[in-house]
Amino acid sequence: TFLTALFAADKYTRDQARGWEKLPPGRQRYDLILVGLYVTALVMTIINAPFEDRLFYTHRRVPSYWSLAPLSGGFAGDLDRYLAFNFVRQIALGLAWAMASGHISLVTEAAAVSQ
């Protein structure tokens, strides 16, 4: 996730260096949204990392911990928060991937047409 955020920021700075007026309209907004989505995914990953470690070590100690009823209140609340942040992360990554894939195919088509 860090690398994708870095690459999106690099794309933004390269497009900025070319000059926004020379690029198709909306490119600056597109680049900003792409960077924002990848940074959102990165932040959600960083927030979730400690709980992912906790889940890993809990599973190592008690492999069937999830089937024990009821889960403690604190753990259940942390799990709900983890799932919500993970959902946001997956949505941000999915949207960013779709945007980047669509942009690549548009660039490829434009290059094929211009030849």
Which residue pairs satisfy the salt bridge (charged side-chain N to carboxylate O under 4.0 Å, His left out) criterion with at least one member in residues 39-48, sequence neighbours excluded?
none
Nearest 0.5 Å, please: how far is CG in L83 from CD in Q90?
11.5 Å
Is there a side chain to side chain contact (heavy atoms under 4.5 Å, CB included) between E52 and Y82 once you walk through the steps?
CA-CA 8 Å; E52 287 176 350; Y82 166 79; 3.4 Å; yes
Heavy-atom pair of closest approach, residues L34 and A96:
CD1-O, 3.5 Å
Is a side-chain N or O of Y30 found less than 3.5 angstrom from the main chain of M99, in a donor-acceptor match?
yes
State, to 0.1 Å, how close D78 and F51 come at their nearest heavy-atom pair, and which atoms those are.
CB-CE1, 3.4 Å
To the nearest 0.5 Å, atom OG1 of T40 lies from atom CD1 of I33 at 11.5 Å
Are W97 and L95 grouped together when hydrophobic residues (ILVMFWY) are joined by side-chain heavy atoms under 4.5 angstrom apart?
no
Could you pull out the closest heavy-atom pair between N48 and N86, with the gap in Å?
ND2-N, 3.3 Å
